[in-house]
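Both ligands and their constituent atoms are indexed starting at 1 by order of listing.
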Amino acid sequence: MGALRPGRRRPASTYACVADRVFDGEQVLNDQAVVVRGERIAGLVPVGDLPPGLPVVSAPGCTLVPGLIDMHAHFMRWEGPLFLAYGVTSVRDTGNALDWILARRAEWPSRAWPRVYALGPILDGPQAYHALLSRACADLDDAVAAVRQTAAAGVDGIKLYVNLDAGWIAPMAAAAHAQGLKVSSHSVGTGTLFRARAGVDEVFHLDGLLPDVWPGAPPGWLDVWGLPGFARTWDRQQVAADEMARLGLTVTPTLAYWDSCWRTRSPGYPHASEGRYVPSAFNRSILVGRADPEAAARWRAALAAAQRFTGLLIERGASVLTGSDVPCGGLTPGLSLWRELQLLVEAGMAPSQALGAATRQAAAFLGQNALGRIAAGAMADLAFVRGNPLTGLPEDPVVPMVIRAGQLFRLDDLLVEAQAAAQDLRDDPAGAQWLPAEEV
Ligand SMILES: [Zn+2]
């Protein structure tokens with residue numbers, strides 16, 4: 001077996017990957033090498049049977065897992081190398097300027113970025129919440145036209161937002177389905193069950209549950225879940241969870257975002273590595289001046305409540321996917337997806353189930369069945385993760401090497417790329433959206 005020195009931009013060829021164990025998306029395999037040919041996995045063979053002379057990429061002390069998929073992010077160029085550095089090889093952008101994100105999606109094969117999937121702009125009512133990332137719709141005809149035009153541009157799904165008239169949801173969902181696209185949605189105001197019955201396939205953040213379980217709840221957003229009155233809705237939560245599972249609704253709770261909401265309001269932002277590698281201008285704009293211990297306590301209770309409700313969904317077998325909502329909350333790309341997995345494990349998933357949600361299940365929702373698994377014919381998207389995430393998800397994961405479409409990237413190189421890309425921040429729509437005016 002020859003030694004292969006990993007390096008960026010190495011042309012795809014045939015080589016084998018060897019680690020202490022392989023998690024193929026469903027189960028752990030021992031003593032198996034993964035043979036990569038071009039951009040795909042050629043197969044798995046016993047390590048002892050590898051042909052002599054075949055180059056080998058070896059990472060002792062590591063577990064080989066399918067590249068992870070972040071199902072909720074707002075992409076900026078500086079995020080790309082960081083996602084890869086944490087083993088995330090696919091990202092679904094959930095709201096961005098249409099032409100810009102489609103250009104980035106076309107560009108990923110030549111960049112140190114994950115694969116990019118895109119929902120295009122956030123489709124919203126006349127009062128669009130996000131100036132740069134949304135498309136405002138004036139009336140029902142315009143809203144349906146917005147779905148058709150966004151679909152015709154070639155997006156990977158449609159995202160609906162909170163200021164849409166309730167009566168527009170079903171026709172918009174039907175228009176998306178007619179183009180073969182799934183519909184993902186926030187559901188503040190109308191409630192989750194209303195949107196699911198109107199044809200929405202996936203809900204984000206659990207942000208529409210209050211109308212379903214606590215009519216007349218005090219004003220506020222997700223933090224209302226942290227008020228004492230929310231615990232008294234437990235019986236209604238059970239009914240809502242039953243109904244969400246029965247309707248086949250997919251839920252991407254973005255618990256890492258809920259988690260960031262108490263951390264960002266706590267003095268000192270208590271997490272050892274969060275915010276590391278995030279461009280300092282962006283970090284400052286998200287974190288500075290927001291410490292508020294009372295709000296932090298409410299948000300911390302809200303996170304616990306969201307985890308309890310997610311536990312109900314897991315118990316009922318509802319489809320729960322993994323998304324971080326990077327860069328909201330100042331979350332670090334990639335690292336925050338591992339946090340999401342940890343929070344889902346606390347909510348009731350086994351580590352293998354959480355990893356399966358971030359790989360196999362996410363790929364299935366995207367309709368990309370060649371992703372998210374380690375098997376002959378699948379895409380060669382692989383991450384070498386130090387330790388054994390099946391017995392304990394890492395708090396601060398180390399991914400010394402990652403492979404995307406057969407191409408190998410080293411951690412050190414990716415961190416250098418991420419630093420160089422930080423200067424692009426202000427030119428990207430999501431950067432301009434979230435940086436305060438004086439910073440842009
Ligand atoms: Zn988002």
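- Between Arg298 and Asp223, at least one side-chain nitrogen of the basic residue sits less than 4.0 Å from a carboxylate oxygen of the acidic one, meeting the salt-bridge criterion.
- Its N, O or S atom nearest to the Zn ion (ligand 1) is what matters here, and for Asp325 that atom is OD1.
- Aromatic ring centroids of Trp78 and Tyr277 lie 6.0 Å or more apart.
- Aromatic rings of Tyr129 and His186 (six-membered ring for Trp) have centroids beyond the 6.0 Å cut-off, not under it.
- Taking backbone and side chain together, His72 holds an N, O or S atom under 2.8 Å from the Zn ion (ligand 1).
- Among Arg105, Arg92, Arg115, the one residue that satisfies the salt bridge (Lys or Arg N to Asp or Glu O under 4.0 Å) test with Asp156 is Arg105.
- Among the atoms of His205, no N, O or S atom falls under 2.8 Å of the Zn ion (ligand 1).
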